[in-house]
Student: 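Below are the structure tokens for one structure; questions will follow.
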Amino acid sequence: MPDATSDGALFLRAARGEDTPRAPIWIMRQAGRYLPEYRALKERHSFWEMVRTPELAVEVTLQPVQRFDLDAAILFSDIMTPLPPMGVDLDFDPGPVFAEPVRTRAQIDALAVPDGGELAPFVADALRLLRAASPVPVIGFGGAPLTLAAYAVQGGGSKDFAAFRGFLRAERGAAHALLEKLAEVTLRYLRMQVDAGAQALQLFDSWAGLLDERSYREFGQPYAQRVLEGLADAGVPRIYLAVDAGHLYPAIDELAADVVSVDWRRPLSAVRRALPGKTLQGNLDPAALLGPAEALTLESERVLHEGLGGPHVFNLGHGILRQTDPDAVARLIDVVHGFDRRAAAWGDAVPRRPSAAGREHA
Ligand code: CP3
């Protein structure tokens, strides 16, 4: 297992913009239902209970780190964690279900904006324990204002968030008031996580891709930017994730993020041209872990080749699927760790003879 000072720091080096000799790897939703040890704990505790009990959150966070040779740990929590302290009542089944959607100006005006210390003391406790116990760097996270607003206004998950997208048009002033409060709470929440020991932060803007670029530039980007800029002096790399958001890359490129996490829809080489100054994180299709071992190896190597030419943190394009066999994760990590980026970059620089044609990166 890598340790936090030498090999484990590879993740932090790549996140800070270094073109490292091998790509570090962590996996979105690496702690979760595909792991039998997570399911066993879940039989005895509810999701909220695990999130709100520091010892349990630490145990779940470290489950994948103990089982696999991962290069980072992500705090076990949820992007919804700061909403109940604001006065928004919600539960999980398994996704978030809100007691009442937040849709009126009066509801929004009534939302609290608590201090960082009041927001989720159990998260600060969990992070402090993790820093002492984790052999690899610890990633904290939060939801971007737009994505949190999408859930709060919709009242839960949705395929298209139609009520939310209608609300942005019908209640523009109220929408901005809600986003303002969410941006302030998110900034306080993430600063608190750095103070408690988080060594990197990921801002999940999972639903930004639902908006056209103009709407994103009004309702999404400025609020994500306020959070990211507010963390500029925190001294930790900032990762921004949006899914199905290729059309937003010109706006995302302007964000004060060090790393952009990209889904599997475009090759990393093309994304790198759109986001030239960023470390790229991704972008294996989570479904690749459901296929045969040889196909997983080939597809992972293709992602690794596509990631050459700049800093790369290997990850999936979105969260791991719950039907994934943990053995496939172990194989994936072996492939990533066995890939020498310098030798591969040199190989790519050598002109290929015609017999080598057909290799996709040639
Ligand atoms: O990545 C990790 O391992 C850290 C933990 C983590 C969870 N949620 C645990 C979780 C993280 C980083 C999240 C973020 C999150 N939560 C996002 C952004 C990432 C993304 O997927 O785009 C979103 C949109 C949510 C909201 C949420 N919470 C949903 C949609 C669901 C249910 C569906 C699902 O994917 O599992 C949850 C519940 C949830 N959050 C579970 C876990 C492990 C499953 C709870 C259970 O055990 O039943």
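Residue numbers run from 1 in the order of the sequence given. Below, all heavy atoms of this structure are taken into account, side chains as well, without hydrogens, waters or symmetry copies. Counting starts at 1 for both ligands and their atoms, following the listed order. Since we're looking at a predicted model, the values are computed, not measured.
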Student: Parallel, tilted or perpendicular: which fits the ring planes of Phe161 and Tyr151, with parallel below 30° and perpendicular above 60°?
Tutor: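 Ring orientation, 0 to 90° scale: perpendicular.
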Student: Would Asp115 and Arg191 pass as an ion pair if we require N to O under 4.0 Å?
Tutor: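 So Asp115 does not pair with Arg191 through a salt bridge.
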Student: Does Arg39, at its CZ atom, have more than 12 non-hydrogen atoms belonging to other residues, nucleotides or ligands within less than 6.0 Å?
Tutor: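 Yes, enclosed.
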Student: Give every pair made of an N or O atom of ligand 1 and a protein N or O atom lying under 3.5 Å apart, one pair per line with both atom names and the distance to 0.1 Å, or write 'none'.
Tutor:
| unit_1 | atom_1 | unit_2 | atom_2 | d |
| --- | --- | --- | --- | --- |
| ligand 1 | 1 (O) | Arg29 | N | 2.7 |
| ligand 1 | 3 (O) | Gln30 | N | 3.2 |
| ligand 1 | 3 (O) | Ala31 | N | 3.3 |
| ligand 1 | 8 (N) | Arg29 | NE | 3.2 |
| ligand 1 | 8 (N) | Arg29 | NH2 | 3.3 |
| ligand 1 | 8 (N) | Asp78 | OD1 | 3.2 |
| ligand 1 | 16 (N) | Arg29 | NH2 | 3.1 |
| ligand 1 | 16 (N) | Asp78 | OD1 | 3.0 |
| ligand 1 | 16 (N) | Asp78 | OD2 | 3.4 |
| ligand 1 | 21 (O) | His318 | NE2 | 3.1 |
| ligand 1 | 22 (O) | Ser206 | OG | 2.5 |
| ligand 1 | 22 (O) | His318 | NE2 | 2.7 |
| ligand 1 | 28 (N) | Asp78 | OD1 | 2.7 |
| ligand 1 | 35 (O) | Arg29 | NH1 | 2.5 |
| ligand 1 | 36 (O) | Arg29 | NH1 | 3.1 |
| ligand 1 | 36 (O) | Arg33 | NH2 | 2.4 |
| ligand 1 | 40 (N) | Asp78 | OD1 | 2.9 |
| ligand 1 | 47 (O) | Tyr38 | OH | 2.5 |
| ligand 1 | 47 (O) | Lys42 | NZ | 3.1 |
| ligand 1 | 48 (O) | Lys42 | NZ | 2.7 |

Student: Test side chain to side chain donor-acceptor pair (under 3.5 Å) on His312 and Glu306; report intermediate values, then the result.
Tutor: CA-CA 10 Å; His312 180 203; Glu306 290 287 348; over 6 Å; no
Student: Determine the minimum heavy-atom distance between Phe164 and Gln154, stating which atoms define it.
Tutor: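 Looks like N-OE1, 3.2 Å.
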Student: Going through the distances and angles, do Gln202 and Gln281 end up as a side chain to side chain donor-acceptor pair (under 3.5 Å)?
Tutor: CA-CA 11 Å; Gln202 180 153 323; Gln281 176 173 282; 3.1 Å; yes
